[in-house]
Every structure is written in structure tokens, then in C-alpha cells.
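Quick notes on the structure that follows.
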There are 4 protein chains.
Amino acid sequence: METGRVFHETPPRLGRPPRAATGHALLKATREILALKGVHGLTVEGVAARSGVAKTTIYRRWRSKEDLALAALLEMTQQEPPPTGQQGSTRTALIAYLGPLIENLNSKVYGRVVRGLISDLAVDRELARGFRERVLARRVTDLQGLLQRGIERRQLRADLDTELVIDLLLGPIYYRLLMSGEPLTPAFINRLVRAVMAYAR
Amino acid sequence: METGRVFHETPPRLGRPPRAATGHALLKATREILALKGVHGLTVEGVAARSGVAKTTIYRRWRSKEDLALAALLEMTQQEPPPTGQQGSTRTALIAYLGPLIENLNSKVYGRVVRGLISDLAVDRELARGFRERVLARRVTDLQGLLQRGIERRQLRADLDTELVIDLLLGPIYYRLLMSGEPLTPAFINRLVRAVMAYAR
Amino acid sequence: METGRVFHETPPRLGRPPRAATGHALLKATREILALKGVHGLTVEGVAARSGVAKTTIYRRWRSKEDLALAALLEMTQQEPPPTGQQGSTRTALIAYLGPLIENLNSKVYGRVVRGLISDLAVDRELARGFRERVLARRVTDLQGLLQRGIERRQLRADLDTELVIDLLLGPIYYRLLMSGEPLTPAFINRLVRAVMAYAR
Amino acid sequence: METGRVFHETPPRLGRPPRAATGHALLKATREILALKGVHGLTVEGVAARSGVAKTTIYRRWRSKEDLALAALLEMTQQEPPPTGQQGSTRTALIAYLGPLIENLNSKVYGRVVRGLISDLAVDRELARGFRERVLARRVTDLQGLLQRGIERRQLRADLDTELVIDLLLGPIYYRLLMSGEPLTPAFINRLVRAVMAYAR
DNA sequence: AACTAACCGAGACGGTACGTCCGGTCTTATT
DNA sequence: AATAAGACCGGACGTACCGTCTCGGTTAGTT
């Protein structure tokens with residue numbers, strides 16, 4: 001695991017092992033700078049200065065500042081709880097899932113980082129892989145699960161194009177975040193889910 | 001108009017007027033570099049070198065290289081024809097409209113520029129304003145028109161939430177372009193439009 | 001006359017005549033900037049801004065900012081009175097002459113300008129010519145006159161090497177101003193003149 | 001010592017030590033450019049290009065191009081031998097000392113640098129300190145020594161104002177170099193020393 | 001306990017680009 | 001024709017970061 005890190009999967013068990021504290025200090029500093037100045041204000045030099053960790057050490061652990069930002073993003077995402085046990089309707093479940101997501105995106109750090117990373121995805125293959133496998137994929141599988149359960153319970157069509165449904169749910173959210181700038185409110189999520197359900201049922 | 005430019009709407013006719021040729025040369029060089037190396041490879045210095053125009057002159061006309069990229073993007077967008085006269089169904093009209101759009105986005109320069117600008121929208125208010133007013137707004141009004149005509153012709157519900165429909169159409173497209181990386185094919189547009197129509201009818 | 005100016009001796013009497021006020025405004029602004037920020041802070045652009053005169057106009061009148069500074073210097077020097085009628089001894093006359101000189105050099109503007117021009121003398125032949133003919137030469141002829149009268153009155157040796165004496169008088173003064181930084185006081189002038197008289201008598 | 005340099009007297013032995021070769025390459029390039037184009041033609045960018053050393057590295061070592069020029073000057077001055085053992089008269093000793101000095105000043109590089117630095121002395125305190133302590137002070141102590149020995153040997157008056165004598169010797173030399181432009185010849189040194197001795201004896 | 005490989009901080013270094021200042025030249029409309 | 005205004009080219013400035021490269025000094029885990 002630990003994508004983004006340069007470390008070997010099977011550490012050669014020799015010499016002084018890397019200090020865990022160093023990594024934490026770095027990610028903490030990264031998050032703080034990210035919150036204060038956004039991805040544009042994130043510089044390796046700045047992180048080094050703020051964390052007290054040497055620049056060289058940073059490069060020993062991450063290939064670029066984008067990688068570093070991604071790592072910081074992951075630390076935050078991983079604290080999110082998985083989608084709730086699901087007792088109500090599929091519609092309620094979707095709303096319950098997307099609600100916290102937009103809360104995150106509306107938060108300073110999280111939204112900023114996502115926005116900041118986007119343009120680099122096109123340039124940096126490694127980064128794109130990490131972002132998709134470790135941030136997006138989670139959303140997709142979560143939603144896939146929700147939809148699947150909906151199908152099983154006959155709340156959704158059996159022949160539903162779930163891939164497209166996911167695009168229809170996440171697409172507008174990120175479109176607002178990244179491009180139109182329209183606010184991401186619970187009311188919007190309601191309208192969105194209702195519309196998608198009209199198609200999926 | 002001419003957002004992004006520093007010039008006055010009604011030039012005070014004083015001093016030597018700006019050479020139009022200079023602007024053209026700059027946008028040409030910008031487009032070329034953009035195509036070759038993407039937004040990340042776009043530097044004011046590079047544009048100056050390639051165009052033979054002095055760096056100072058560039059800064060006199062655009063506030064930043066992002067502004068410059070936006071201007072180059074606009075020059076390309078403005079050559080696009082408006083949505084066709086519309087004789088068939090709303091579905092056909094939508095497909096006919098979104099087809100060229102993804103062709104554009106799939107093209108090297110255009111897609112790259114859009115991707116490259118996204119993250120800066122959050123940082124640079126002026127840039128965001130320009131992008132929304134001059135790039136996005138066009139899509140939105142075009143689509144609004146299409147949908148309105150559909151309503152008038154009773155092909156779409158009278159109480160349709162057109163704003164949401166537009167989010168549902170553009171959202172997934174840009175989501176694929178910017179985030180998931182899934183390809184933007186005519187087939188995808190077909191699926192997308194069919195799904196949205198299921199809701200809108 | 002008016003060395004340093006580009007004007008034609010016999011103006012071609014056609015079109016709008018040059019405003020005399022323009023020149024004054026320029027020299028005034030020059031002096032002010034010189035006083036505030038020294039020769040290093042003197043820029044053609046700055047003078048244009050402060051005086052409200054166009055940059056082009058400045059270049060029409062002076063070849064460079066050094067020339068401009070020299071012109072400002074001259075305006076100040078020319079207001080100096082010639083050496084006094086001389087009734088006392090040569091020694092007193094010398095002290096009476098050098099006193100005002102160091103007062104000038106100690107003043108903000110004057111000293112700064114002289115210092116600032118020095119290094120350019122080596123580079124700019126025209127400037128050097130102007131400076132020597134129009135600033136230095138005056139000192140030299142004044143002193144030459146004083147010494148000559150001293151010889152006539154038998155206060156100085158008949159075979160006196162007056163050229164050297166002038167070097168011995170002015171040299172140490174400018175050496176202190178430009179290089180050693182030691183203060184130019186009346187007391188110093190006293191010591192200096194006494195020493196030179198010891199040789200010249 | 002090593003004024004002008006940013007380095008610490010007692011290096012704290014931390015991090016990669018500065019390469020001596022870098023400094024040499026820089027001063028060499030500086031001297032060459034100085035010889036070719038004078039202080040006016042000396043640019044940090046030019047030195048970087050010629051020496052192959054990065055611009056940033058130059059600024060890491062010297063605060064300005066004037067500092068750099070001073071350093072180059074020092075390298076040259078320090079190779080000068082101290083005043084000769086002195087067996088003859090004080091007059092001969094003075095001539096023997098001032099002769100090489102004017103040879104230096106007459107040489108392309110040396111003279112140019114001195115002239116070029118002069119005006120900056122008034123602006124840049126650090127530079128002035130360096131120049132006085134490390135270039136001028138040497139001349140002064142050398143001459144002071146010569147004069148002192150002259151006094152001890154009864155060749156000069158016991159109550160001699162040696163400070164003034166030094167002004168009288170160096171003043172005219174630099175006055176010619178910087179201002180009047182009159183040539184610095186051995187014959188001139190002869191006349192100068194003879195005159196000063198007339199006062200000092 | 002000594003060895004030794006890796007970690008880590010510090011800082012030199014070569015680079016690229018930035019955005020700005022200023023120098024000069026030119027072009028236009030106005031006086 | 002002189003002037004004001006301002007576009008334009010060009011050179012250099014000093015700075016910010018980048019990513020790499022030595023250094024010296026820890027700090028584990030073998031041997």
C-alpha cells in the first residue's frame with residue numbers, strides 16, 4: 001500500500017528505520033499550509049521550513065509536492081466512516097452518502113486540495129493513478145454497493161447502467177465545485193438524487 | 001468586452017495605439033506552446049521567445065499566463081458555430097450539440113487548456129469570472145435554448161428543472177475529462193442523453 | 001553654449017517652438033529627485049513622472065540621465081559668486097575660496113551629484129568633456145587667478161608650479177569626499193592651505 | 001576577515017561546504033568582464049554566464065555586483081608586494097612606493113574598477129567599509145610606516161602632520177585618475193613627492 | 001561492543017521562471 | 001515642429017522554488 005511513497009514493499013530491514021514521527025510532522029505541516037494558502041502556496045521548501053524536516057527527507061518520501069498533497073488528502077479521507085448500514089430507501093441512502101461528501105468538499109482544505117490536484121492529474125500519470133485508485137475508487141465502490149443493494153431490493157431497475165448513474169451523481173457535484181462555482185448545498189443534493197432516481201427506478 | 005485584457009472599453013485615443021498584430025502573434029505562440037507542452041509548459045518567457053514579443057508587452061496586455069491561456073481558449077471557442085437550426089427531436093439536438101463539444105475537449109490543445117485552468121479558477125477571481133462568463137456561460141445559454149424549445153414543443157415536461165438538467169449533462173462530461181479519465185466517446189454521449197431524457201420527458 | 005543640449009544654434013523657426021518652462025520644470029524635478037534619492041535614484045522615467053514632461057521630450061534635450069544630472073549641477077554652480085575681490089593675503093584668499101566649495105560639496109544634492117557622476121566620466125566622453133570644461137575648469141581658472149596674483153604680489157615664488165599647486169589643493173578635498181570619507185571641515189581647509197603655502201612660498 | 005563575503009569567520013561545519021573552485025571561477029570571470037567592458041558592463045547575469053556558475057550562487061556569496069567587483073579588486077591588490085625594505089631617502093622610498101601604485105591605476109582593469117566603485121561608496125555603506133578597510137587602509141598604513149621611519153631618521157620634521165601628508169600624496173593622484181583626467185606619469189609622481197617633501201622636511 | 005547501513009538536517013549548487021524596472025525608440029493625436 | 005501619451009523591444013534585476021548533491025551526525029539492527 002502506501003502509494004505515493006517511494007518505499008519498498010518489503011523493506012530490506014537494514015540500517016536505521018525511517019521515523020514515523022517525521023512523516024506525521026510533514027503531513028501536518030502540509031495540511032496547515034494547504035489550509036492557509038491552498039495548493040498554489042504549497043512548496044516543498046515551505047513544508048520543510050514549517051515542519052523542521054529537511055528538504056532532502058521530503059524528497060526521500062514523496063516524488064513531488066503533488067504527491068505530498070495527495071498523501072495529506074488521503075490521511076483526511078481515510079478518517080471518513082464508510083456508508084451507513086442502510087436500512088431506509090436507496091434515495092435516503094444516496095443522500096446520506098453524498099451529504100458528508102459535499103461537506104468535505106465545502107471545507108477549506110479538502111476542497112482546495114482536490115481543486116489543486118485536478119490539473120496535475122493530466123500531466124502526472126503516477127499522481128493520477130494514486131488519485132483514482134485511492135480517492136475516487138472508494139467513492140465509486142461505495143456507490144456501486146449502494147446501487148447494487150437497491151437493485152437487489154427491487155428499488156432500482158435490474159438492467160440499470162450503474163456506471164452511468166455514478167457519473168450522473170458525482171459529475172454534477174464536481175462540476176459545481178470545479179467549474180460553475182454554484183454552491184454545493186443539501187438542497188442541491190436532494191434535487192440531484194431525485195432526478196437520478198427518476199431515471200434509475 | 002474583451003475580458004482578460006487590460007484595455008479600456010472606449011480607448012482614450014492617446015499615445016501610440018496597440019498593434020493588433022502583436023496580440024495575434026502572442027495568441028498564436030500561446031496556442032502552439034499549449035499544444036506542444038500543455039499549460040504546465042506555458043511560460044510567459046516562452047511565449048515571449050516564440051512570438052518575438054517582449055515580455056513586458058505581454059504583461060501589459062494580460063495579468064498572468066492563465067489569463068493568456070484563457071484568451072487563447074476564447075479565440076478557439078469563438079470560431080465554433082452556434083447550435084444547429086434544430087429540426088429533429090430534442091434528443092437529437094442535444095447529441096448534435098454535445099458531440100462537437102467532446103470533440104473539442106478530446107483535442108490536444110483545448111482539453112489541456114481547460115484542465116490546466118481549472119485549479120486556478122479557485123485562486124484567481126478574475127480568471128474565474130472570465131472563464132465562467134465567456135466559456136461556460138455560452139454552453140449554458142445554448143443548452144438552455146435547446147431545452148426551452150423542447151418544452152415549447154411538448155417534448156419535455158413543462159415544469160422541468162432546466163438548471164439541473166444542464167448540470168446533469170455537463171457534469172459527467174467534465175467529470176470524465178478532469179477526474180475519472182474515462183474516455184469521452186459518442187457512445188457515452190448517447191447513454192448520457194438517453195438517461196437525462198428519461199428524467200426530462 | 002549650453003553644452004549637453006542637443007539644440008541647434010539657429011533654430012529652424014518652424015512649427016511649435018520649444019517651451020522654456022519645460023526645461024526648468026525638468027531641471028527642478030531632477031534636482032529634487034537628486035536630493036531625495038541621489039544619482040542612483042535618478043531615472044529618466046522618474047523625472048518625466050515628477051515633472052509631467054514626456055520621456056521623449058527629455059531625450060530630445062539631453063542624451064542621458066547623466067547629462068541631465070550635469071545640467072542640474074551646472075544650474076547650481078552658476079549661481080555661485082566668483083572669488084572675492086581679494087584684499088588680504090593669498091592664504092586668506094585661498095581659504096575664502098575653498099570654504100564655500102566644501103560647503104557645497106557637503107550639501108546633499110551637490111555632493112551626491114558629483115559623486116554620482118565620477119564613475120561615468122570614464123565611460124562617457126561627452127559627459128567628461130562637459131564636466132571638465134564646465135565644472136572643473138572654473139575652479140582651475142579661479143585658483144589659477146588667485147595664485148597668479150599671489151606671484152605678482154611676491155607672496156608666492158615666481159617659479160611656482162601652479163598646476164601642481166592646484167592638484168595639491170583640490171586633490172585632497174575630492175579624495176576625502178569620494179574615497180576616504182573623512183569630513184571636509186574648515187579646520188581641514190586651514191591645515192591644507194597652510195601646508196600648500198609652506199611649499200609655495 | 002574576508003569582508004564582502006557572506007560567510008562566517010568560523011564555519012559551523014554544517015551542510016555541504018562551499019566549493020572553493022566556484023569562488024575562483026566567479027572572480028576570474030569577473031576580472032575578465034571588468035577588463036573587457038568595465039564596471040558598467042559588469043552584470044551578475046554576465047558573470048554567471050561566463051563562469052558557468054548559477055546566478056543564485058553568486059547572490060549566495062556576494063550581496064551585489066559591486067561587492068563582487070570589490071572582491072575581484074582585492075584579489076589583485078593582495079598580490080602586490082609590500083613597500084620595499086627602504087634603504088635610501090624617504091623621498092626615494094615614496095617614489096618607489098607610488099610608482100607601482102600609478103602603474104596599477106593606469107592598468108585597464110584596476111583603474112576601471114576603482115573608478116566604477118567610487119560612486120557606489122556613497123550609497124552602499126557595506127561596500128564603503130570594505131573598500132576603505134581593505135583597499136585604502138593598506139595604502140595608508142604603508143605610507144604611515146614610510147613617513148614614521150622618515151621621522152625617526154630625522155629626514156622629516158618631528159611634528160609632521162602625517163595624516164595630511166597622506167592626503168597630499170594620494171589626493172592628487174586620485175584627483176587626476178577620477179576627475180581631471182590628466183595622465184599619471186612617473187614625472188608627475190616626481191613633482192608631487194618633491195613638493196610634499198618641501199613641506200614635510 | 002563494534003560495525004554498518006540507512007536516516008536525517010543543513011546547506012551548496014545548477015537551473016528555470018518569475019514579475020519589475022528602466023533604458024531607448026517608435027508612433028499617434030494634439031497643440 | 002514640439003509635445004504628451006503610451007506601445008514596444010530589450011537587458012538586467014533580485015527572488016522563489018525546484019530537484020540534486022555533498023557533508024556531518026545520528027540511530028537502529030546485526031555480527
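Chain letters run A, B, ... following the sequence lines, proteins first, then strands; residues in each count from 1. Keep in mind that the numbers below use all heavy atoms, side chains included, and drop hydrogens, waters and symmetry copies.
Residues D:Gly41 and C:Ala54 each lie close to DNA chain F; by heavy-atom proximity, the contact nearer the 5' end of the strand is made by C:Ala54. Place A:Val53 and D:Ala20 on DNA chain E by their nearest nucleotides, and A:Val53 ends up nearer the 5' end.
Side-chain nitrogen and oxygen atoms of D:Thr57 include none within less than 4.0 Å of the OP1 or OP2 phosphate oxygen of E:dA12. Between D:Thr22 and the phosphate of E:dA12, there is no side-chain N or O to OP1/OP2 separation shorter than 4.0 Å.
E:dA17 atom P lies 13 Å from atom CD1 of B:Ile58, rounded to whole Å. Between A:His40 atom NE2 and E:dA17 atom P the separation is 16 Å, expressed in whole Å. The distance between atom CZ of C:Arg61 and atom P of E:dG24, rounded to the nearest whole Å, is 18 Å. Taking atom CG of C:Asp67 as the reference point, atom P of E:dG23 lies 14 Å away to the nearest angstrom. At whole-Å resolution of the value, CG in D:Asp124 and P in F:dC13 are 15 Å apart.
Each side chain to side chain donor-acceptor pair (under 3.5 Å) pair with one or both residues in residues 17-29 of chain B, not counting sequence neighbours, appears once here: B:Lys28-B:Glu32.
Take B:Ala35 and apply the side-chain contact (heavy atoms from CB on, under 4.5 Å) test, not counting sequence neighbours, and it matches B:Val109. Take D:Ser51 and apply the side chain to side chain donor-acceptor pair (under 3.5 Å) test, not counting sequence neighbours, and it matches no residue. With sequence neighbours left out, the salt bridge (Lys or Arg N to Asp or Glu O under 4.0 Å) criterion links B:Arg115 to no other residue.
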Could you pull out all donor-acceptor pairs under 3.5 Å where a side-chain atom in residues 39-49 of chain D meets a protein atom, sequence neighbours excluded?
unit_1, atom_1, unit_2, atom_2, d
D:His40, NE2, C:Asp120, OD1, 3.0
D:Thr43, OG1, D:Gly46, N, 2.8
D:Glu45, OE2, D:Lys55, NZ, 2.9

(request) List the protein contact pattern of nucleotides 18-25 of chain F with one symbol per nucleotide (5' to 3'): B for base contact, S for sugar-phosphate-only contact, - for none; contact means a heavy-atom distance under 4.0 Å. (result) BBBBBB--
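Within the 4.5 Å cutoff, the side chain of B:Arg31 has heavy atoms near those of the B:Glu75 side chain.
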